[in-house]
Every structure is written in C-alpha cells, then in structure tokens.
Asks: 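Have a look at this one before I ask anything.
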2 protein chains.
Amino acid sequence: MPRQVDYEGRRRRIADAVCALIAHSGMEAVSLRDVATQAGVSMGAVQRCFRTKEDMLLFALEHISQHVSDRANQRIAATSTPQAASTLLSHTLAELALLDETSKTQAHVWLAFVAHAPASEKLAAVLHDTYAKLHDLIAWIIRYGQDTQDFPRTLDPDREAHMLLALADGLTVHVLAGHHSPATALTTLQRHIDHLLEDASRRC
Amino acid sequence: MPRQVDYEGRRRRIADAVCALIAHSGMEAVSLRDVATQAGVSMGAVQRCFRTKEDMLLFALEHISQHVSDRANQRIAATSTPQAASTLLSHTLAELALLDETSKTQAHVWLAFVAHAPASEKLAAVLHDTYAKLHDLIAWIIRYGQDTQDFPRTLDPDREAHMLLALADGLTVHVLAGHHSPATALTTLQRHIDHLLEDASRRC
DNA sequence: CACGTTCTGATGCGCTTGCATCGTATCCTG
DNA sequence: CAGGATACGATGCAAGCGCATCAGAACGTG
C-alpha cells in the first residue's frame with residue numbers, strides 16, 4: 001500500500017482556511033490558490049481533497065454547521081447538574097446567535113452561505129437541514145422547561161422556537177452590520193426571554 | 001454642445017441589473033460584462049457611469065437602501081386617513097422584512113451586501129446608516145402610538161424598535177434560507193406585535 | 001451645413017481563475 | 001530491499017476578469 005494521509009484532518013484544515021478567507025474578505029475572494037496558501041498546503045493537495053471548488057465550499061458549510069450544532073447540543077448534554085430551563089434556553093440561544101467575538105468569524109461565514117444559497121441547490125439543502133435541526137433543538141428545550149414546570153404550558157413550543165430563532169438570527173445580522181454591539185444584542189435576547197416567561201405565567 | 005444622456009436613469013437601470021444578477025446567482029457572479037448585457041447596454045457605457053466596479057456595487061446598495069426606506073416612509077406619509085398605530089407598525093415591519101414575493105430579490109441583494117460588508121469599509125458605512133434610519137423609523141411609530149394612546153407608555157420605544165427590527169431581519173433570513181414561508185413569517189411577526197401590546201396593557 | 005465636443009462599443013492588455021496534467025518523492029507490501 | 005501504488009507540487013491551459021484605449025458615430029451649436 002502507498003503512504004497514508006489523514007484526509008479528514010486535512011479537509012478540516014482546508015475548511016477552516018476557507019472560513020477564514022470568507023470572514024476576512026468575502027466569499028468571492030475565495031480562490032483555490034488562496035485557500036491552499038492559507039491552509040499551508042499546496043494547491044495539488046487541495047485538489048486531491050475536493051474534486052471541485054463547489055465541493056470544497058459545500059464541505060466548509062457542513063463543517064461550520066456541524067460546529068454550531070455541536071456547541072448547542074453540548075450545552076444540553078452538559079446539563080447533568082440540574083439547570084433551570086430558562087438559563088439553558090438563553091445560553092443556547094446566545095450561542096446560536098454567534099455573538100461573542102470568537103464566533104464572529106462563523107457568523108460571517110454563515111451569512112455568506114445564506115446569501116449564496118440561491119445560487120446553489122446543495123448549499124440551500126444543507127442550510128435548510130441545519131435550520132430544521134436548530135428549530136427542533138429550541139422547541140425541545142421549551143418542552144423540557146414545560147415538563148419541569150419552569151415554562152408555562154400556554155407557550156406553543158414550535159411557534160416560540162420559530163420566533164426565538166428568528167430573533168437570534170436577526171441579532172446576528174445586526175451585530176455583523178455594525179448596527180449594535182454583541183452586549184446590546186445579548187440584553188435584547190435576554191429581555192425577550194424574560195418577558196416571554198413572565199407574561200405567560202402571569203396570564204395563568 | 002455634444003449630445004445629452006440621462007445618466008441618472010442609466011445608473012438606475014444598471015443598478016437594477018446588478019441587483020437582478022446578485023439575486024439570481026450571488027455576488028461573485030457579478031461581472032462588468034454580465035451587468036452590461038443584463039442592463040442592455042454596452043460595457044463601455046457601464047464604465048462611463050461608474051469609474052470602478054466597487055463604485056457600481058456601492059451605488060447599487062444605496063439604490064436598494066433608498067428603495068426600502070422610501071417604501072417604509074411612504075407607508076407613514078400615506079397615513080392621512082387616520083390609521084391605528086398598531087396597524088401602521090405591523091404593516092411597516094412587514095414591508096421591511098421584505099417578505100412578499102416581489103421583495104425577494106431585494107432581500108437577496110440586501111443580505112449579499114451584509115455578507116460582503118466586512119470586505120468593504122464604504123459598504124459597511126451605508127448599511128450602518130440605513131439601519132440607523134430604519135431603527136429611528138420604528139421607534140418613531142412606537143412613540144406615535146403612545147401619543148395616540150394605542151400603545152402603553154410602559155414600552156421603551158428604542159428597545160422595542162431594536163427588538164422588532166431584529167425579528168424582521170431574522171424572518172427575512174429564514175424565508176430566504178427556505179426555513180419557512182413568507183406567510184408563516186408574517187404570522188410570527190404579527191403574533192409578536194399583538195403579544196407585545198396585549199401584555200403591556202394588561203400590566204397596567 | 002460644417003465644426004467641435006461628447007459618448008459609444010469594440011478591442012487589447014495584464015492578470016487571475018478553476019481545473020488538468022505529469023514527473024517526482026514517499027510510503028507500504030511481499 | 002525491490003517493486004508498485006499513491007500523494008505531491010509545479011506547471012500548463014483556456015476562459016474570464018477589471019480596466020484602459022481609441023476610432024468613429026451622434027449630437028448641439030455657430
């Protein structure tokens with residue numbers, strides 16, 4: 001047999017390079033040569049990992065989708081120590097909104113893919129799937145909160161998940177566009193959640 | 001004198017062509033040649049109207065920003081027949097969210113520019129300004145509603161404007177990403193506004 | 001009607017792009 | 001250690017890019 005190479009690892013490295021380039025100078029600045037340089041490999045290596053440029057971009061999107069989903073899921077899995085459902089909800093959403101400085105890159109990339117989706121059927125499919133997963137995740141948390149009596153039963157989990165996810169995404173966009181700071185966005189998010197629980201419980 | 005040309009009109013035509021191209025196949029598919037073809041003029045004409053490609057993109061963004069702002073402002077100006085502030089608010093936001101099929105193109109373009117903003121200082125500035133204007137607009141409507149006693153005084157106009165605008169943007173993203181339909185998004189938006197007014201007034 | 005000015009569309013240039021090719025270096029197997 | 005399969009990276013290639021150039025068409029003016 002010939003020599004073995006850690007393809008999966010390299011694919012990830014390349015995906016990271018793609019994301020870095022997109023975050024820094026937009027999607028149309030991504031060329032195979034620049035990606036190779038950024039990833040510290042030769043152009044040939046990039047071509048061996050991905051048959052075409054579109055394959056590469058698709059992998060990068062799946063890579064970052066996975067990354068975001070995983071972080072949110074970990075947040076839930078780590079709830080071995082009993083945690084109030086409301087805290088769980090707000091923390092998860094705050095993470096999904098990609099507000100902290102570390103996530104800014106991912107937010108850029110995510111948005112770039114959303115903007116580019118109409119041009120690629122496959123990209124759109126990945127985005128759709130990811131959104132569906134995130135929606136289910138939020139709805140699950142809300143139901144969990146209702147089970148533990150933290151959230152009022154009057155809430156419709158699906159509708160509220162819908163609403164919260166849209167709010168989180170909107171805040172992400174606003175922060176990226178420089179319309180306001182991550183801190184302000186976080187406050188707005190928290191305020192809405194508080195408002196939601198408080199009013200709904202008062203209604204009973 | 002030599003012959004006269006309606007430059008402003010042509011610039012708009014070219015801007016429309018840019019937007020059509022962006023909406024159809026993304027920002028990186030915009031080339032001077034394609035724009036010229038789409039606008040039905042020669043490449044030379046495009047180059048006479050805009051010194052560089054970036055100038056052209058900038059103008060297209062300003063063009064579409066103006067378009068969106070104008071529509072929202074018209075909505076207010078047309079309120080000669082007395083209109084409930086809540087209706088005004090929801091209609092304005094629905095328009096800003098670019099949910100109807102006609103606005104889908106504009107939504108694509110807007111998002112493409114947001115995604116591309118980090119790569120261009122000037123684009124970012126235009127986006128920032130536009131968002132500030134829209135924020136003020138929504139806050140104004142809320143204050144107006146408070147003056148006409150339609151909205152409770154307990155609402156903080158700036159905070160709620162912040163929240164509503166983010167929600168509208170998030171819904172725009174979700175519709176574009178195919179996560180749900182314009183109709184659903186509209187319902188979610190309306191539900192939040194109702195919820196807001198209802199709960200706030202109950203609090204008194 | 002002829003002049004002078006402005007506008008036009010085609011062409012050229014230098015460069016970059018995505019992708020294909022190919023000799024060489026590298027590693028596992030028998 | 002020899003052999004063969006694989007990965008590598010440099011190079012080539014056609015196409016497309018943004019932008020500059022320029023001869024001629026188109027027009028208002030004297």
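Here is the naming used below: chain letters follow the sequence lines, and residue numbers restart at 1 for every chain. Source: prediction; values computed, not measured.
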Asks: Quick one: which residue pairs count as a salt bridge (charged side-chain N to carboxylate O under 4.0 Å, His left out) with a foot in residues 110-125 of chain B, not counting sequence neighbours?
Replies: none
Asks: How would you list, by chain and number, every residue that makes a salt bridge (charged side-chain N to carboxylate O under 4.0 Å, His left out) with A/Asp136, sequence neighbours excluded?
Replies: none
Asks: Taking atom types as modelled and ignoring hydrogens, do the side chains of A/Asp194 and A/Gln190 form a donor-acceptor contact shorter than 3.5 angstrom?
Replies: yes
Asks: In residues 15-43 of chain A, what residues come within less than 4.0 Å of DNA chain D, judged by heavy atoms?
Replies: A/Arg33, A/Ser42
Asks: When you measure from every atom of DNA chain C, which of residues 113-126 of chain B have a heavy atom less than 4.0 Å away?
Replies: none
Asks: Could you tell me how far apart B/Tyr7 (OH) and C/dT8 (C1') are, to the nearest whole angstrom?
Replies: 9 Å
Asks: Check salt bridge (charged side-chain N to carboxylate O under 4.0 Å, His left out) between A/Lys104 and all other residues, then give those that pass, not counting sequence neighbours.
Replies: A/Glu101
Asks: Taking side-chain hydrogen bond (donor to acceptor under 3.5 Å, both in side chains) as the definition, give me every residue that meets it alongside B/His174, ordered by chain and number, with sequence neighbours left out.
Replies: A/Asp169, B/His179
Asks: Heavy atoms within less than 4.0 Å of DNA chain C: which residues of residues 48-62 of chain A have one? Give them sorted by number.
Replies: A/Thr52, A/Lys53
Asks: In whole angstrom, what separates B/Ile14's CD1 from C/dG9's P?
Replies: 11 Å
Asks: For residues 21-32 of chain B, which residue pairs pass the salt bridge (charged side-chain N to carboxylate O under 4.0 Å, His left out) check, not counting sequence neighbours?
Replies: none
Asks: Show me, pair by pair, the donor-acceptor contacts under 3.5 angstrom made by side chains of residues 158-166 of chain B, not counting sequence neighbours?
Replies:
| from | atom 1 | to | atom 2 | distance (Å) |
| --- | --- | --- | --- | --- |
| B/Asp158 | OD1 | B/His135 | NE2 | 3.1 |
| B/Glu160 | OE2 | A/Arg191 | NH2 | 3.0 |
| B/His162 | ND1 | A/Thr188 | OG1 | 3.4 |
| B/His162 | NE2 | A/His180 | ND1 | 2.8 |
| B/His162 | NE2 | A/His180 | NE2 | 2.8 |

Asks: Would you list the atom pairs, donor with acceptor, under 3.5 Å between side chains in residues 39-51 of chain A and any protein atom, with sequence neighbours excluded?
Replies:
| from | atom 1 | to | atom 2 | distance (Å) |
| --- | --- | --- | --- | --- |
| A/Ser42 | OG | A/Gly44 | N | 3.4 |
| A/Ser42 | OG | A/Ala45 | N | 3.2 |

Asks: With sequence neighbours left out, write down each residue that passes salt bridge (charged side-chain N to carboxylate O under 4.0 Å, His left out) with A/Asp100, or none if nothing qualifies.
Replies: none
Asks: Can you list the residues that meet the side-chain hydrogen bond (donor to acceptor under 3.5 Å, both in side chains) rule with B/Thr184, with sequence neighbours excluded?
Replies: B/Ser181
